[in-house]
Amino acid sequence: MNFVKRAALSLLARRAKTALLLGIFLVICTLLLGGFLLQGATSGQEAEAQRRIGVDVTVRGDKLTLATVAALGSSPLVERYNPLLRGAAKPSGLTPLTSDVPKPDDAKPDDATEDEGQDGLMLNGIRDSEMLLDFASGRSRIVAGRALTEKDAGRRVVLLERRLADKNELKAGDTVGLRSSDGRRTETFEIIGLYEDPRPDPSQWVAPSELIANQVYAPAPAVSALGFGTKPSTAVFKIGSPERAERLHAEAARVLGGDGFRFDVNDKAFRDQVLPLRRVGAFAGSLLWLIALSGAVILGLIVLLTIKERRDELGMLLALGEKKWKLIGQHTVEVTALLLPALAVAALGAQSFAEEAGETLLAREEHTASLPEMRMEAADLGGVAGIGLGISLVATVVPGVGILRLHPRSILTDTE
């Protein structure tokens, strides 16, 4: 009789043991599939968090120029970058806001800050307004028009605060004139957007150029052309992960020519969001190995006991001329045949198990969003089927080595 047919008849004849093996396989497949789903969800969420948050590296130094910032920003390690070139510009046909707090008597009108244009606007030369901390955190937001992007590098455009625009009856699309701090150069800028910063003004008097409402953002090249030089005070580079920071530091040393710069890494947001996901993903990976090993051991012990109980049957088949490898194959088929129904049933409950496990693990971590909706892919089922098949082979072939040592005469003699 074909050993595959014998395996089917054996499963039907031993219903209690078949139900036990099926139950064990169901638990194994459910846990394995849940682990795959949890691992896939955390990987996807980690990739999204890396893309959205990244790690900010701030560079300061005397050798920092718009050219060196652009050279460092072109590195494949950098995803986005933003220089900050500041200067107090005098408005042309534009009235800045002033502090509601009276000016103190000891503030001299001929201070150096007055000469630098403290009665005007603070012009901030940048590349990407969305990289600014206030905009990235959502504290400041665009209320009209659009944000400033790297595509505006060759244009003369500005972002104005809503209060400044309201006072001067300006809107997106209008133009404003800005003069250099010495008043010798005047340029016309188009208002591409209005932003709103809800922070209140300082409780003590400050120069108009230091008021929040008088902060104007423009492309760094346009600010430089207005006479504010080419040396930004800082430059912020967004990289994908903290692991890239050391390589970027080496790149900065090469571009800036030595160690005469300050290199600060701010990865708090990254660690708050990504590291908990990595821990959950690592747990899911360890769970897969533990389940596979435990499943192989448990099934192996059951098969070993089954082989000992069926010594008479095995001796009879060997006496009839059945090959030993076919006897091992029969046990392998008996165990493997239960894999498909167990996997089908596990597919129904594994997703809810993985979601509950993921939310429970992430609930212990602070500042971490919930896992995204888990979707079962064919690759997940294939992975579980592959591991299940490997468990079946290990659990039957290893104990089946004992069959190779059996001799029909000794088995039948012991029976008699």
Side-chain angles (χ1 to χ4, degrees), residues 47-61 63-87 89 121-161 172-173 175-176 178 187-197 215-241 244-245 247-248 251-252 255-256 261 263-266 269-270:
E48 172 63 20
Q50 287 186 354
R51 184 196 65 79
R52 187 182 72 255
I53 302 172
V55 174
D56 288 342
V57 173
T58 303
V59 180
R60 300 177 178 85
K63 296 182 180 180
L64 205 63
T65 65
L66 293 179
T68 56
V69 170
L72 192 55
S74 64
S75 169
L77 299 171
V78 177
E79 298 177 356
R80 301 164 68 185
Y81 68 94
N82 213 25
L84 179 58
L85 182 64
R86 306 189 74 195
L121 305 173
M122 180 58 70
L123 191 56
N124 299 275
I126 59 174
R127 185 171 184 266
D128 186 351
S129 61
E130 294 300 322
M131 278 193 66
L132 297 172
L133 180 60
D134 289 341
F135 286 90
S137 64
R139 181 166 56 187
S140 297
R141 60 188 182 91
I142 301 294
V143 294
R146 63 175 179 86
L148 195 67
T149 69
E150 64 272 14
K151 296 180 181 178
D152 298 313
R155 304 179 59 194
R156 283 178 170 78
V157 293
V158 291
L159 280 178
L160 295 187
E161 214 278 334
T175 58
V176 295
L178 295 176
E187 297 287 351
T188 300
F189 289 77
E190 177 189 355
I191 303 173
I192 62 166
L194 303 179
Y195 73 94
E196 184 176 58
D197 191 326
Q215 302 299 308
V216 179
Y217 297 97
V223 175
S224 177
L226 196 57
F228 292 100
T230 61
K231 291 189 174 185
S233 57
T234 62
V236 179
F237 301 88
K238 187 174 290 293
I239 57 179
S241 63
R244 295 184 179 183
R247 294 160 57 193
L248 184 62
E251 187 73 11
V255 172
L256 299 177
F261 61 92
F263 190 93
D264 298 318
V265 180
N266 181 13
F270 181 91

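Bear in mind the structure is a predicted one, so any value in this text is a computation, not a measurement.
Of the possible donor and acceptor atoms, one in the side chain of S74 sits under 3.5 Å from a partner among the backbone N and O of A71. The closest donor-acceptor contact from the side chain of T230 to the backbone of S224 lies at 3.5 Å or more, if one exists at all.
Nearest heavy-atom pair across K231 and T65 is CG-CG2, 4.1 Å. Counting all heavy atoms, side chain and backbone alike, A222 lies closest to F189 at CB-CE2, 3.8 Å. Closest heavy-atom contact between A218 and V158: CB-CG1, 3.8 Å. Across all their heavy atoms, T68 and V255 have their closest contact at O-CG1, 3.8 Å. Considering all non-hydrogen atoms of both residues, L148 and P219 come closest at CD2-N, 3.8 Å. Across all non-hydrogen atoms, the minimal contact from L66 to A220 is CD2-CB, 3.9 Å.
For the atom pair CG (N82) and NZ (K238), the distance works out to 10.0 Å, reported to the nearest 0.5 Å. Note that CD of E150 and CG of D128 are 5.5 Å apart. Values are rounded to the nearest 0.5 Å. The CG atom of L160 sits 4.5 Å away from the CD1 atom of I191 when rounded to the nearest 0.5 Å. Atom-to-atom distance recorded for I126:CD1 and F135:CZ is 7.0 Å, nearest 0.5 angstrom. Between N124 atom CG and F228 atom CZ the span is 10.5 Å, to the nearest 0.5 Å. Distance CG/L256 to CD/E251: 10.0 Å, rounded to 0.5 Å.
You'll find the side chain of Y195 reaches within 4.5 Å of the side chain of Q215, heavy atoms only. Contact of the V176 side chain with the V216 side chain is not registered, since no non-hydrogen atoms from C-beta on lie closer than 4.5 Å. No side-chain heavy atom of L226 sits under 4.5 Å from any side-chain heavy atom of R156. Between Y81 and R127, the closest side-chain pair of non-hydrogen atoms falls below 4.5 Å. Counting heavy atoms from C-beta outward, F237 and V59 have side chains that approach closer than 4.5 Å. Contact of the D197 side chain with the E161 side chain is registered, since non-hydrogen atoms from C-beta on lie closer than 4.5 Å. Between I142 and L159, some side-chain heavy-atom pair lies under the 4.5 Å cut-off. By the 4.5 Å heavy-atom criterion applied to side chains, L132 and S140 are not counted as neighbours.
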(Q) Could you walk me through whether V55 and V265 satisfy the side chain to side chain contact (heavy atoms under 4.5 Å, CB included) test, starting with their C-alpha distance in whole Å, then the side-chain angles of each, then the deciding distance to 0.1 Å, before giving a yes or no? (A) CA-CA 7 Å; V55 174; V265 180; 3.7 Å; yes

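For R155, the side-chain hydrogen bond (donor to acceptor under 3.5 Å, both in side chains) partners at least two apart in sequence or on another chain are D152, E190.
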